[in-house]
J.: 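Before anything else, here's the structure in question.
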Amino acid sequence: MILGLTTFLVGDTMPAMLDIAVIEDPATAESLLDPVRMRLLEALAEPASATMLASRVGLPRQLVNYHLRTLERHGLVELEAERRKGNVTERVMRASAGSYVISPAALTALQPDPGRSTDQRSAVWLLALAARLVRDLGSLLAGATRERRTLSTFALDAEVRFASAADRAAFADELGAAVTSLVSRYHDGAAPRGRTHHVLVAIHPSMPTHAPSPAPKEA
C-alpha cells in the first residue's frame with residue numbers, strides 16, 4: 001500500500017514540516033482538491049486550533065472541524081500540540097507540508113506512458129517524461145524519507161535565447177551528442193555495486209514572465 005504522504009520522524013520530537021509533499025493516493029488527491037480544504041491548508045502554514053482557523057478563514061467552526069478530520073485522515077494536516085482549556089482539550093493542527101504535488105501515480109491507469117511514443121521533438125512525449133519524473137522522484141523521496149537517508153540527485157536549470165530556429169536545432173543536436181557521449185563513457189552495466197540512474201534532458205520555450213505590451217494604435 002502506498003501512503004498518500006510522507007513525514008519526517010526525528011526521534012520522539014515533532015516531525016519537521018516538509019517543503020513539498022508528494023501525493024500518490026487517489027483519495028488523498030481528491031481530498032486536497034476540495035476548494036475549502038485548500039483554503040484551510042493555506043491557512044495552516046501557521047498552526048491553529050479549529051476555533052482559530054475558523055476565525056482566519058471566516059467559516060463556521062463545525063464545518064472547519066469536519067474538513068480538518070478529513071485532512072488529518074489523509075495525512076495532509078498533523079497534530080502540533082494539545083492544550084487544556086477547562087474541561088476541553090484543544091487540538092492545534094498544522095499543514096504537513098508547505099506545498100503539495102500530485103503524482104501521476106494517483107491517476108493509476110490514466111497516467112502518461114512515455115513508452116507509447118519516443119519522438120524527441122514531440123512536446124507530448126516530453127510531457128510524458130516529465131510526468132514520469134514527478135512520479136519516480138516522488139516515490140524515491142518518500143522511500144528515502146522513511147529510511148532517513150539522503151537521495152542523490154542533480155538538476156540544472158538555465159535559459160538560453162536562440163537567434164533562430166536553426167540555432168536551436170543545432171544546439172539540440174550538440175547537446176544530444178554530448179550527453180550520449182557522457183552516457184557511453186560512464187555507463188558500466190557490469191559494475192557489481194553500481195546503481196542505475198535516469199538522465200533526462202529537456203528543452204522547451206520559456207513561459208513569458210509578464211504580459212506582452214499592447215500593440216500601438218494606428219494614428
Side-chain angles (χ1 to χ4, degrees), residues 1-10 13-59 61 63-81 91-114 126-157 198 200 202 204 206-207 209:
M1 177 181 177
I2 298 177
L3 296 178
L5 293 172
T6 303
T7 55
F8 287 107
L9 298 175
V10 185
T13 62
M14 188 66 194
M17 178 188 283
L18 297 173
D19 288 331
I20 301 176
V22 180
I23 298 173
E24 298 177 314
D25 175 60
T28 303
E30 181 182 5
S31 177
L32 173 66
L33 292 174
D34 179 272
V36 173
R37 291 171 195 153
M38 281 197 284
R39 283 180 61 195
L40 297 181
L41 281 175
E42 290 174 12
L44 282 174
E46 294 293 331
S49 66
T51 301
M52 296 165 59
L53 190 58
S55 177
R56 283 182 192 174
V57 299
L59 292 172
R61 183 176 59 82
L63 180 62
V64 169
N65 260 325
Y66 166 77
H67 286 297
L68 280 178
R69 285 194 295 270
T70 302
L71 290 169
E72 186 178 16
R73 187 167 65 250
H74 290 290
L76 294 166
V77 299
E78 299 169 335
L79 179 65
E80 170 82 8
R91 305 177 79 235
V92 178
M93 309 299 293
R94 70 169 187 196
S96 59
S99 57
Y100 300 86
V101 173
I102 297 178
S103 168
L107 298 175
T108 58
L110 295 178
Q111 62 183 295
D113 178 11
L126 176 54
L127 191 60
L129 290 171
R132 185 184 65 188
L133 173 67
V134 172
R135 182 198 67 198
D136 291 355
L137 191 57
S139 181
L140 289 166
L141 185 59
T145 301
R146 284 194 299 269
E147 298 170 15
R148 301 179 187 178
R149 57 178 173 81
T150 58
L151 182 64
S152 298
T153 61
F154 172 79
L156 176 66
D157 184 23
H198 226 118
L200 173 61
H204 65 82
S206 298
M207 290 290 292
T209 56

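Everything numeric here is computed off the predicted structure, so don't read it as measured data.
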J.: Can you list the residues that meet the side-chain hydrogen bond (donor to acceptor under 3.5 Å, both in side chains) rule with Ser31, with sequence neighbours excluded?
T.: none
J.: Starting at CE of Met38, measure out to CG of Leu71 and round the result to the nearest 0.5 Å.
T.: 11.0 Å
J.: Going by the rule side-chain contact (heavy atoms from CB on, under 4.5 Å), which residues pair with Ser99 if we only count those two or more places apart in sequence or in a different chain?
T.: Ile20
J.: Do Glu24 and Ser139 have side-chain heavy atoms sitting under 4.5 Å apart?
T.: yes
J.: Going by side-chain contact (heavy atoms from CB on, under 4.5 Å), name the residues that satisfy it together with Ala50, two or more places apart in sequence or in a different chain.
T.: Arg61, Val64, Asn65, Leu68
J.: Of the non-hydrogen atoms in Arg149 and Gly143, which two are nearest, and what is the gap between them?
T.: NH2-C, 4.2 Å
J.: What residues form a side-chain hydrogen bond (donor to acceptor under 3.5 Å, both in side chains) with Ser206, not counting sequence neighbours?
T.: Glu159
J.: Apply side-chain contact (heavy atoms from CB on, under 4.5 Å) to Ala27 and list each qualifying residue two or more places apart in sequence or on a separate chain.
T.: Asp25, His74
J.: Could you give the distance from CG (Leu76) to CG (Leu32), rounded to the nearest 0.5 Å?
T.: 5.5 Å
J.: Between Arg91 and Glu72 (salt bridge meaning N to carboxylate O under 4.0 Å), is one present in this structure?
T.: yes
J.: Closest approach of His204 and Leu126, non-hydrogen atoms and distance?
T.: CB-CD2, 4.2 Å
J.: Check Leu59 against Leu63 and note the closest heavy-atom contact, atom names and distance.
T.: CD2-CD2, 4.3 Å
J.: Please table the atom pairs, donor to acceptor, closer than 3.5 Å between any side-chain atom in residues 127-136 and protein atoms at least two apart or in another chain.
T.:
from, atom 1, to, atom 2, distance (Å)
Arg132, NH2, His198, NE2, 2.7
Arg135, NH1, Gln111, OE1, 3.2

J.: Looking at residues at least two apart in the chain, or sitting in another chain, which of them share a side-chain contact (heavy atoms from CB on, under 4.5 Å) with Ala95?
T.: Met17, Leu41, Leu44, Tyr100
J.: Quick one: side-chain hydrogen bond (donor to acceptor under 3.5 Å, both in side chains) partners of Glu46, sequence neighbours excluded?
T.: none
J.: Any non-hydrogen side-chain atom of Met52 less than 4.5 Å from a side-chain atom of Val92?
T.: no
J.: Quick one: CZ on Arg94 to CD on Glu78, what's the gap to the nearest 0.5 Å?
T.: 5.0 Å
J.: Rounded to the nearest 0.5 Å, what's the gap from CG on Leu151 to CG on Leu137? Could you check?
T.: 6.5 Å
J.: Could you state the interatomic distance from CD1 (Ile102) to CG (Leu33), rounded to the nearest 0.5 Å?
T.: 4.0 Å
J.: Run the side-chain hydrogen bond (donor to acceptor under 3.5 Å, both in side chains) test against Arg37 and tell me which residues pass, sequence neighbours left out.
T.: His67
